[in-house]
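Notes follow once the structure below has been shown.
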Protein chains: 2
Amino acid sequence: MKNTESTENYLKSIFKLQTVDKKVSTTDLADYMGVRAASVTGMLKKLARKKLVSYQPYKGVTLTHIGRKLALKTLRTHRLIELFLVEHLGLSWEEVHGEAEKWEHVISGKIEERIDKLLGYPLHDPHGSPIPSANGELKIKDTVRLDRVQEGESGTIEEVPDEDPEFLAYLGENDIIPGNKIKVLEKSVVGKTLKIQITSKKHTIGLKAAEKIRVHQPKDKGRK
Amino acid sequence: MKNTESTENYLKSIFKLQTVDKKVSTTDLADYMGVRAASVTGMLKKLARKKLVSYQPYKGVTLTHIGRKLALKTLRTHRLIELFLVEHLGLSWEEVHGEAEKWEHVISGKIEERIDKLLGYPLHDPHGSPIPSANGELKIKDTVRLDRVQEGESGTIEEVPDEDPEFLAYLGENDIIPGNKIKVLEKSVVGKTLKIQITSKKHTIGLKAAEKIRVHQPKDKGRK
DNA sequence: AATAATATTTAGTTATGACTAAACATATTT
DNA sequence: AAATATGTTTAGTCATAACTAAATATTATT
Ligand SMILES: [Mn+2]
Ligand SMILES: [Mn+2]
Ligand SMILES: [Mn+2]
Ligand SMILES: [Mn+2]
């Protein structure tokens, strides 16, 4: 009756894809997890039997209440570990995701509490993602995609994706780090680029890459 | 070709039993690991095919050079983690073995190095067991079993077993901790007890329990 | 040396979670 | 509506590592 590593990874993946559109398709899940669609079908049946997901053949999956709880618990552990690895073991932010992907399945509740305390009950991981609370609540901040920010507007980097080490290294080199102030200087729809100002440095980034970066803008739309 | 968690646990177990007598029997290994003898036979064949052990049916196993290296690597990781959990996360010495048993299989080489550095390149874990060096060397200290120490002789607690939390809690309560000075006041072979003096407190321990405790005695046999 | 006790291996089964190939369902064109 | 493309499930296989029951080896006892 114990939950396996695979189970936790599936629930976490479904949770992430679910935030985009309600129901998650077999193929999307397979692509995201790097396994074959047939494997996903098999696994979804098992998860459904354990009441962790609600699954209708050909129509996609959603998490049940208990499945969502477990997904958030794993996500919480994952993000606490990431921050711990950066803050206390001096790893760089591009290295920690892979490690956390393994650690998240073996850390006991007690150790998680200790790490949480040691870090001062943090609210965000190194990539700006919110850390779910111990009782499974997650607050989503109001943000916009960087590619949607208008010319002349500014804001604060809120969150970047944590999976791709290369992309993270690139972002780090250009100070595109959560907390930093950012201003859009020029947007070229034809050239698919965005000229930005960040920490007194100017930089041009592709619009495709900018899609992945979430920016927080104050109510007044950040004119300045 | 990647080594599994089971593989690492088997090699570590064989290593420990091997230090007692050269060849390890199927039954001893099964008892120690809490699995059936038939399961051990099956696993030993796999390990032999991978050249990690030298296995002769009905005659026992020994580690090959490469198997021994892997066992020591895992043991090193295990012991570094135990110390890390005590020193940096404030866990008690009876809790850490179980945690380390899981962590040892997921920690990357890089993180192991960081932990090693953070701890100041320690030579012993919280239970007094030596930590193998990064290149797979292990130095065994010259010690005696506490039940073999003669009346009136003294020494220093060197090492205690790390597997049984209850026993460790008992030892901790009575200051039977590596590094502490100990003196044998009275040995009752009939009553199977040992009266000891440790950190200005007197205590009586069973001879059977004393067998598990290793004591370091100076050359002059610790008269004092 | 024969018998009994103990240790070990073999054979067959189970659960987990991947895979491929083939069948089937749904969506999009023509 | 029929044809085609795409998405998804089914069926059968594989590797890993446990299990039980039965067979076989080794060791100890008479
Ligand atoms: Mn994971
Ligand atoms: Mn992250
Ligand atoms: Mn282990
Ligand atoms: Mn130990």
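Residue numbers begin at 1 in each chain, while the letters A, B, ... track the order of the sequences.
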* Structure fact -> Looking only at D/dT26, C/dA18, D/dA18, the nucleotide nearest the B/Val35 side chain is D/dA18

* Asked: Does A/Tyr10 make a side-chain N or O approach to OP1 or OP2 of C/dT16 shorter than 4.0 Å?
  -> no

* If only side-chain N and O atoms of B/Arg36 are considered, is one of them under 4.0 Å from the OP1 or OP2 phosphate oxygen of D/dT20? -> yes

* Could you state the atom-to-atom distance from OH of B/Tyr55 to P of C/dA7 in whole Å? => 16 Å

* Asked: Starting at CD of A/Glu8 and ending at C1' of C/dG17, how long is that distance when rounded to a whole Å?
  -> 15 Å

* Asked: In whole angstrom, what separates B/Asp28's CG from C/dT6's P?
  -> 15 Å

* In whole angstrom, what separates A/Lys59's NZ from C/dA27's P? -> 9 Å

* Separation of A/Leu44 atom CG from D/dG7 atom C1', in whole Å? -> 14 Å

* **Out of C/dT16, D/dA17, C/dA21, whichever nucleotide has its closest atom nearest the side chain of A/Ala38** => C/dA21

* Checking all strands, does B/Thr41 fall into the base, sugar-phosphate, or nothing category for heavy-atom contacts under 4.0 angstrom? -> base

* Asked: Taking atom types as modelled, is there a side-chain donor on B/His78 or B/Asp125 under 3.5 Å from an acceptor on the other?
  -> no

* Structure fact -> Winner on side-chain proximity to B/Ser6, out of D/dA17, C/dT9, D/dT9, is D/dA17

* Asked: If only side-chain N and O atoms of A/Thr4 are considered, is one of them under 4.0 Å from the OP1 or OP2 phosphate oxygen of C/dG17?
  -> yes

* Could you check A/Tyr58 against B/Gly60 and say which one's nearest nucleotide on DNA chain C is further toward the 5' end? => B/Gly60

* To do: Could you state the atom-to-atom distance from CE of B/Met33 to C1' of D/dA17 in whole Å?
  => 11 Å

* Atom CG of A/Leu47 and atom C1' of C/dA18: how far apart are they, to the nearest Å? -> 14 Å

* Asked: Considering only side-chain heavy atoms of B/Met43, which listed nucleotide, D/dA18, D/dT9, C/dG17, is closest?
  -> D/dA18

* To do: Determine, for B/Glu104 against B/Arg79, whether the closest basic-nitrogen to carboxylate-oxygen distance falls under 4.0 angstrom.
  => no

* Can a salt bridge be assigned to the pair B/Lys110 and A/Glu99 using a cut-off of 4.0 Å between side-chain N and carboxylate O? -> no

* Protein-nucleotide distance (B/Leu52, atom CG; D/dA17, atom C1'), rounded to Å -> 16 Å

* For residues A/Gln217 and A/Val149, determine if any side-chain heavy atom of one lies less than 4.5 Å from a side-chain heavy atom of the other. => yes

* ring pair (Phe, Tyr, Trp, His ring centres under 6.0 Å) between A/His97 and A/His127, intermediate numbers included -> CA-CA 10 Å; A/His97 178 77; A/His127 315 98; 7.4 Å; no

* Asked: Base, sugar-phosphate, or nothing for A/Lys45, non-hydrogen atoms under 4.0 angstrom?
  -> sugar-phosphate

* Among C/dT9, C/dT16, C/dA18, the nucleotide that comes nearest once only the side chain of A/Ser39 is considered -> C/dA18

